[in-house]
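As a basis for the values below, the full set of heavy atoms in this structure was taken, side chains included, without hydrogen atoms, waters or symmetry mates.
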Amino acid sequence: MKEDNKHSGQGGSLNFLEQIIEKDLAMATTGGRVHTRFPPEPNGYLHIGHAKSICLNFGLAAKYNGKCNLRFDDTNPTKENVGYVNAIREDIRWLGFDWEEREYYASDYFGELFDMAVVLIRQGDAYVCDMSGEEIAAGRGTPSVPGKISPWRERPVEENLELFERMRKGEFPDGSRVVRAKIDMASPNMHLRDPVMYRIMHAHHHRTANKWCIYPMYDWAHGQSDYLENITHSICTLEFEVHRPLYNWFLDKLGISQNRPRQFEFARLNLNYTVMSKRKLLELVEGRYVKGWDDPRMPTISGLRRRGYTPASIRVFSDKVGVAKRENVIDMALLEYCIREDLNRNAPRVMTVINPVKLVIENYPEGQVEELQALRNPEKPEEGYRKVPFSKTLYIEQGDFMEDPPKKFFRLSPGSEVRLKYAYLIRCESVVKDQQGNITEIRCTYDPGTKSGMAPTRKVKGTLHWVSAAHALEAEIRLYDRLFEVPDPENVAQGGNFKDNINPASLQIVRGLAEPGLRDAMPGERFQFERTGYFCVDPDSSPGSLVFNRTSSLRDSWAKMKDSQG
RNA sequence: UGUCCUGUGGUGUAAUUGGCAACACGUCUGAUUCUGGAUCAGAAGAGUCCAGGUUCGACCCCUGGCAGGACAACCA
């Protein structure tokens with residue numbers, strides 16, 4: 001029961017795949033084994049949707065004492081390359097999963113696949129077809145109109161065998177012939193209308209180089225690869241549901257009954273306020289709408305990593321979204337909740353002023369500096385304290401001061417008193433403005449008897465974060481927001497484009513002032529900037545010039561209140 | 001006019017396989033707080049796509065509808 005809690009988003013209840021597996025285990029249908037695989041095509045970067053699949057496949061294996069393979073589905077040499085292989089590996093490892101020595105490639109099986117195809121041809125279950133791609137497509141019919149029989153369908157077995165061999169040897173040009181399964185051109189399932197198994201491609205493959213010039217199609221390669229790897233549960237997304245009869249047909253014709261893999265489909269993850277298709281993501285990158293695949297606004301794993309998301313937060317998220325067969329759109333707020341929950345618990349606190357305004361404490365001794373004790377993380381008092389310098393001239397957040405405050409404004413305004421976090425109570429005495437009327441300086445007095453940690457004093461409504469002017473570190477702060485301003489970016493009017501919905505304010509770069517302890521912060525380190533949000537050090541950062549990415553703002557009920565009041 | 005899949009609060013997922021719907025996010029109160037964060041307490045919100053049927057009893061079983069999605073690359 002405790003285990004169930006750990007792996008299921010719904011307490012003790014099981015998702016439909018877990019139910020299937022537990023039944024299989026109980027009835028020994030898979031010999032007591034659970035063996036899954038995550039099968040990415042190395043032709044793009046992984047995104048949060050893949051993360052769900054990764055967590056599912058590796059998670060199921062872990063939960064049921066099974067194994068999960070990493071298998072690169074590399075059957076199309078024109079689209080795939082090692083660069084993607086490496087990026088995918090890194091992302092999966094970063095997420096926290098280990099495929100041990102089981103890193104496989106569909107291309108590892110090209111030889112076996114060829115031999116199995118020969119078996120099908122011998123049995124009269126496959127044939128070499130000389131039609132062109134266009135002819136095949138035209139002859140396939142439509143879902144409600146049967147396809148036409150290929151003139152090559154009844155080619156003698158010996159001739160098929162010979163042609164197949166010659167295809168392999170490279171005697172024919174690209175596109176001149178294919179091998180097709182002989183199934184049923186009238187099937188209501190389009191995938192059963194003599195699907196292509198092999199095509200000729202004189203292309204360099206990232207692993208097999210020029211050894212092959214015929215390459216298997218997905219449907220032919222996938223199930224057989226599953227079988228060769230002893231996969232018990234082959235889990236994929238819903239769009240492959242109609243492929244399942246074909247998956248099973250190949251297995252049937254090859255006489256595979258022992259250790260026979262079975263395919264199950266679940267609904268892929270959709271997230272609002274973003275797009276997930278490889279094509280659209282690529283468009284964002286190539287159109288320079290974002291800076292790259294790892295731009296912190298991208299829903300890619302590398303983007304989320306750079307944004308400051310933790311692997312654990314993504315795993316928890318994957319767990320919380322659940323697994324089922326109906327189409328779904330997850331609220332971005334759930335992802336944000338997951339990272340806040342993690343970082344609230346684990347990120348050290350630090351004070352950084354993002355939009356600074358100068359504040360001078362008139363009665364504080366000139367030149368005096370106090371080293372104040374500040375909790376590293378109130379959620380983990382055991383981590384102790386850090387030191388923060390305090391002096392006469394400080395900076396606070398512009399938004400923390402209002403000359404004419406509305407009703408429930410708890411922050412600083414003329415005559416009001418607030419606490420400077422870990423320091424003193426201060427009262428605003430006056431403001432200094434420039435000729436345009438902008439506030440350039442806030443003049444305050446402090447009460448020396450109210451130092452943080454001293455005996456109880458009078459209560460104030462507001463506590464402000466601050467930074468000492470003479471000690472502050474200047475930093476570049478990249479304020480990220482959702483990439484799209486509408487929940488469903490793909491929903492556009494006729495002639496429109498999803499890119500029309502891009503949020504023009506998805507990135508704002510400002511220069512802020514940070515407490516000096518941040519001087520040696522390293523890329524990847526995460527912090528909570530007290531009262532503003534969670535931030536992490538960007539790889540662009542260097543010792544002399546800090547760069548922070550905003551992972552997420554803190555929940556802000558004050559902002560919410562303002563919004564709702566118009 | 002084809003085949004397959006799916007319909008449960010705003011969102012997502014449950015319901016011990018027939019016993020009048022639970023959990024999470026979100027929303028809204030209040031308490032508390034040296035983060036308007038966190039935490040704590042509480043509230044609102046679905047009668048399960050529709051119509052019949054079986055049953056003492058249906059989200060669950062049956063029949064018929066309706067709605068949404070997937071499928072017609074030599075992509076995966």
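Contact check on A/E229 versus A/R37 returns no salt bridge, with no Lys/Arg side-chain nitrogen under 4.0 Å from an Asp/Glu carboxylate oxygen. We find that A/R268 and A/E327 are not joined by a salt bridge, their nearest charged nitrogen and carboxylate oxygen being 4.0 Å or further apart. For A/E397 and A/R531, the salt-bridge test fails: no basic side-chain N is under 4.0 Å from an acidic carboxylate O. Ion pairing between a basic and an acidic side chain is recognised when a charged N comes within 4.0 Å of a carboxylate O; A/R199 and A/D174 show no such pairing. Ion pair A/E283/A/R279 flagged as a salt bridge, since at least one NZ, NE, NH1 or NH2 atom sits closer than 4.0 Å to an Asp/Glu carboxylate oxygen.
As judged by a 4.0 angstrom heavy-atom cut-off over every strand, A/M197 is placed among residues making no nucleic acid contact. Contacts of A/Y422 with the nucleic acid, taken as non-hydrogen atoms under 4.0 Å apart, include base atoms. Nucleic acid contact class of A/Y198 (heavy atoms, under 4.0 Å, all strands): none. The residue A/V178 sits close to a base: some heavy atom pair falls under 4.0 Å. A/G453 comes within 4.0 angstrom of a nucleotide base, judged by non-hydrogen atoms across all strands. At the heavy-atom level, A/E397 lies nowhere under 4.0 Å from the strands shown. Among the protein residues, A/V323 comes within range of the sugar-phosphate backbone only, with heavy atoms under 4.0 Å from sugar or phosphate atoms but none that close to a base. Looking at heavy-atom distances under 4.0 Å, A/L464 makes no contact with the nucleic acid at all.
A/H243 places its NE2 atom 7 Å from the C1' atom of B/rC71, with the value rounded to the nearest Å. Between A/L192 atom CG and B/rC4 atom C1' there is a gap of 12 Å when expressed in whole angstrom units. Straight-line distance from the CD atom of A/E18 to the P atom of B/rU16: 15 Å, rounded to whole Å. One interatomic measurement links the two molecules: CG of A/N491 to P of B/rG68, which rounds to 14 Å at whole-angstrom precision. Taking atom CZ of residue A/R140 and atom C1' of nucleotide B/rA73, one finds them 8 Å apart after rounding to whole Å. The interatomic distance linking A/Y218 (OH) with B/rC71 (P) rounds to 13 Å, in whole Å. Taking atom CG of A/D226 as the reference point, atom P of B/rA76 lies 15 Å away to the nearest angstrom. Put simply, OH on A/Y247 is 21 Å from P on B/rC4, counting in whole angstrom units.
With its glycosidic angle within 90° of 0, B/rG47 is assigned syn. Taking the O4'-C1'-N9-C4 or O4'-C1'-N1-C2 dihedral as appropriate, B/rU27 has a value more than 90° from 0 and is therefore anti. For B/rA73, the O4'-C1' to base torsion is within 90° of 0; the nucleotide is therefore syn.
For the OP1/OP2 pair of B/rU3 and a distance below 4.0 Å, the side-chain nitrogens and oxygens of A/S187 include no atom meeting the criterion. Proximity of A/Q19 to the phosphate of B/rA15: a side-chain N or O atom is located under 4.0 Å from OP1 or OP2. For B/rG69, neither phosphate oxygen OP1 nor OP2 lies less than 4.0 angstrom from any side-chain nitrogen or oxygen of A/K325.
Considering A/Q528, A/R550, A/E336, A/R526 as possible partners of A/Y534, the one that fulfils the side-chain hydrogen bond (donor to acceptor under 3.5 Å, both in side chains) test is A/Q528. With A/Y198 as the partner, the ring-ring contact (aromatic ring centres under 6.0 Å, His included) test is satisfied by one option alone out of A/W212, A/Y218, A/F164: A/F164.
The gap from the C1' atom of B/rG47 to that of B/rG7 amounts to 16 Å, rounded to the nearest Å. B/rA44 and B/rC56 have their P atoms separated by 35 Å, with the value rounded to a whole Å. For B/rA70 and B/rU29, the C1' atoms lie 44 Å apart once the distance is rounded to whole Å. Straight-line distance between the C1' atoms of B/rC49 and B/rC23: roughly 23 Å, to the nearest whole Å. Straight-line distance between the P atoms of B/rA14 and B/rA24: roughly 16 Å, to the nearest whole Å. Atom C1' of B/rU8 sits at a distance of 15 Å from the matching atom of B/rA67, rounded to the whole Å. Using atom P as the reference point in both B/rA46 and B/rU11, the two lie 13 Å apart (nearest Å). Distance noted for atom P between B/rG52 and B/rC59: 15 Å (whole Å).
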Self-check item: Base-pairing string, 5' to 3', of RNA chain B - Watson-Crick or wobble, under 3.5 Å, | interstrand
Solution: .((((((..((((.....[..)))).(((((.......))))).....(((((..]....))))))))))).....

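For A/K320, the side-chain atoms get nearest to B/rA24 when compared with the rest of B/rA24, B/rC75, B/rC5. Considering only the side chain of A/E327, B/rG69 comes nearest among B/rC74, B/rG69, B/rU3. Relative to the side chain of A/K459, the nucleotides B/rC74, B/rU13, B/rU33 differ in distance, and B/rU33 lies closest.
Between the side chains of A/D91 and A/Y45, no donor N or O sits under 3.5 Å from an acceptor N or O. Side-chain N/O atoms of A/T78 and A/N76 include a donor and acceptor closer than 3.5 Å. With 3.5 Å as the limit, one finds a donor-acceptor pair spanning the side chains of A/H243 and A/D219. For A/D252 and A/N248, the side-chain atoms include no donor-acceptor pair closer than 3.5 Å. A donor-acceptor contact under 3.5 angstrom links the side chains of A/D194 and A/Y127, judged on distance only.
A distance below 6.0 Å separates the ring centres of A/F390 and A/Y364.
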Table of protein N/O atoms under 3.5 Å from nucleotides 8-11 of chain B N/O atoms:
unit_1 : atom_1 : unit_2 : atom_2 : d
B/rU8  : OP2    : A/R326 : NH1    : 2.6
B/rU8  : O4     : A/R326 : NH2    : 2.9
B/rU11 : O3'    : A/V329 : O      : 3.3
B/rU11 : O2'    : A/V329 : O      : 2.9

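Mapping A/E241 and A/V460 onto RNA chain B by nearest heavy atom places A/E241 at the nucleotide closer to the 5' end. Checking A/D130 against A/R419, the closest nucleotide of RNA chain B that is more toward the 5' end is the one next to A/R419.
When atom types are taken as modelled, the side chain of A/T450 and the backbone of A/D447 share a donor-acceptor pair closer than 3.5 angstrom.
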Quiz item: Once each nucleotide of nucleotides 35-42 of chain B is scored for protein heavy atoms under 4.0 Å, what B/S/- sequence comes out, 5' to 3'?
Solution: BBBS----

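The aromatic rings of A/Y247 and A/H222 are tilted relative to each other, their planes meeting at an angle between 30° and 60°.
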